[in-house]
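All remarks here apply to the structure that follows.
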Amino acid sequence: MRYDLVIFDNDGVLVDSEPISNTLLAGYLTELGHPTSYEESLRDYMGAAMHRVHDVVLERTGQRLPEDFDEVFHARVFAAFERELEPVDGVVEVLERLTADGVPYCVASSGSHERIRVGHRKTGLDKWFGDERIFSSQDVGRGKPAPDLFLYAAERMGVPPEKCLVVEDSPLGVQAAVAAGMDVYGFTAMTPPERLGGAGELFDDMRELPRLLG
């Protein structure tokens with residue numbers, strides 16, 4: 001095993017949340033007078049912290065989103081999670097394998113702690129991720145593509161960056177991992193491989209990951 005720590009992104013890597021959240025985000029932005037398609041939401045916001053949505057809308061339109069934007073959006077997302085959210089196919093088998101092999105792992109997500117926990121409770125992944133394995137952009141202030149979150153997770157887990165592997169499905173996440181000096185594998189189940197060009201390995205079935213880890 002070449003790595004002392006595997007750092008998972010959450011949305012789209014552990015939980016199959018990207019179709020749900022980006023459909024809702026595109027719809028809500030459109031409601032507010034900022035027409036956005038599902039594909040545009042994936043392109044512009046997938047893998048990003050909420051502050052990026054505010055920043056991009058302000059930059060493009062000169063208008064600020066409502067003060068309660070995050071609160072309303074998250075309420076819609078959490079309600080949809082309770083109805084629809086599932087774990088990414090094959091991820092439980094990966095977590096079982098890492099645990100059996102004694103390989104440390106954690107999650108480092110642009111989403112809030114609440115979002116991570118809601119999703120994990122619904123999908124049963126809370127069994128695998130105690131508080132000591134959960135890191136959010138809330139912990140560092142600057143989300144991806146800044147390297148801060150991944151560096152913070154590695155520090156808290158006691159592993160140097162060069163011994164960490166990040167599993168990501170967004171261009172912003174790949175950029176953040178590379179900036180942190182970590183190896184990164186790109187999960188292409190939802191993302192065109194060419195958008196994850198900075199990744200060292202690309203794979204589209206989560207069950208392939210243990211083989212890639214060696």
Using atom types as modelled and distance alone, determine if a side-chain donor or acceptor of [X] lies under 3.5 Å from a backbone N or O of [Y].
X	Y	value
Arg97	Arg207	no
Lys163	Arg2	yes
Glu40	Ser37	yes
Thr188	Leu202	no

Reported [atom1]-to-[atom2] distance for the pair [X] and [Y], which is rounded to 0.5 angstrom:
X	Y	atom1	atom2	value
Arg60	Asp44	CZ	CG	4.0 Å
Thr23	Glu84	OG1	CD	8.5 Å
Arg142	Asp148	CZ	CG	4.0 Å
Tyr3	Met182	OH	CE	12.0 Å
His51	Ser137	NE2	OG	6.0 Å
Ser21	His74	OG	NE2	9.0 Å

(message) Could you check whether any side-chain heavy atom of Ser136 comes within less than 4.5 Å of a side-chain heavy atom of Ile116, counting everything from C-beta outward?
(response)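 In contact.
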
(message) Do Pro161 and Leu151 have side chains that approach each other closer than 4.5 Å (heavy atoms only, starting at C-beta)?
(response)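 Of all side-chain heavy-atom pairs linking Leu151 with Pro161, at least one is under 4.5 Å.
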
Heavy-atom pair of closest approach, residues [X] and [Y]:
X	Y	result
Ala48	Leu172	CB-CD1, 3.5 Å
Phe187	Leu196	O-CD1, 3.7 Å
Ala26	Tyr38	CB-N, 3.9 Å
Cys106	Ala153	SG-CB, 4.3 Å
Tyr185	Ala199	C-CB, 4.1 Å
Gly111	Ser109	N-OG, 2.9 Å

Within a radius of less than 6.0 Å around [atom1] of [X], do more than 12 heavy atoms belonging to other residues, nucleotides or ligands occur?
X	atom1	result
Glu132	CD	yes
Arg43	CZ	yes
Glu194	CD	yes

(request) Go through the steps for Leu125 and Val92 under the test side-chain contact (heavy atoms from CB on, under 4.5 Å), then give the verdict. (result) CA-CA 8 Å; Leu125 294 184; Val92 171; 4.1 Å; yes

(request) Please report the C-alpha distance between His34 and Leu65 in whole Å, then the side-chain angles of each, then the deciding distance to 0.1 Å, and finally whether the side-chain contact (heavy atoms from CB on, under 4.5 Å) criterion is met. (result) CA-CA 10 Å; His34 307 291; Leu65 292 170; 3.9 Å; yes

(request) Please determine if Arg76 forms a cation-pi arrangement with Tyr28, meaning its NZ or CZ atom is less than 6.0 Å from the six-membered ring centre and no more than 45° off the ring axis. (result)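 So Arg76 does make the cation-pi contact.
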
(message) If we count only N and O atoms by modelled type, under 3.5 Å, do the side chains of His113 and Asp131 hold a donor and an acceptor together?
(response)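 The answer is no; no qualifying pair exists.
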
(request) Assert yes or no for the condition that the ring centre distance of Phe129 to Tyr105 is strictly below 6.0 Å. (result)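 Yes; Tyr105 has its ring centre under 6.0 Å from that of Phe129.
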
(request) Given salt bridge (charged side-chain N to carboxylate O under 4.0 Å, His left out), test Asp139 with Arg156 step by step and report yes or no. (result) CA-CA 11 Å; Asp139 300 326; Arg156 290 292 300 273; over 6 Å; no

Taking [Y] as the starting point, is it possible to reach [X] by hopping between hydrophobic residues whose side chains are less than 4.5 Å apart?
X	Y	value
Val56	Leu25	yes
Met46	Val174	no
Leu29	Leu58	no
Phe78	Val107	yes
Met190	Val94	no

(request) Evaluate side-chain contact (heavy atoms from CB on, under 4.5 Å) for Met50 paired with Phe69, printing each intermediate quantity in order. (result) CA-CA 10 Å; Met50 286 301 294; Phe69 179 87; 3.5 Å; yes

(request) Apply the test side-chain contact (heavy atoms from CB on, under 4.5 Å) to residues Val88 and Val13: give CA-CA distance (whole Å), side-chain angles for both, the deciding distance (0.1 Å), then the verdict. (result) CA-CA 6 Å; Val88 165; Val13 171; 5.7 Å; no

(request) Run the salt-bridge test on Asp9 and Lys144 with the 4.0 Å N-O cut-off and return the result as yes or no. (result)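 Result for this pair is yes, salt bridge flagged.
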
(message) Using a strict threshold of under 4.0 Å (side-chain N to carboxylate O), is an ion pair present between Arg115 and Asp11?
(response)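 Salt bridge between Asp11 and Arg115, a charged N being under 4.0 Å from a carboxylate O: yes.
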
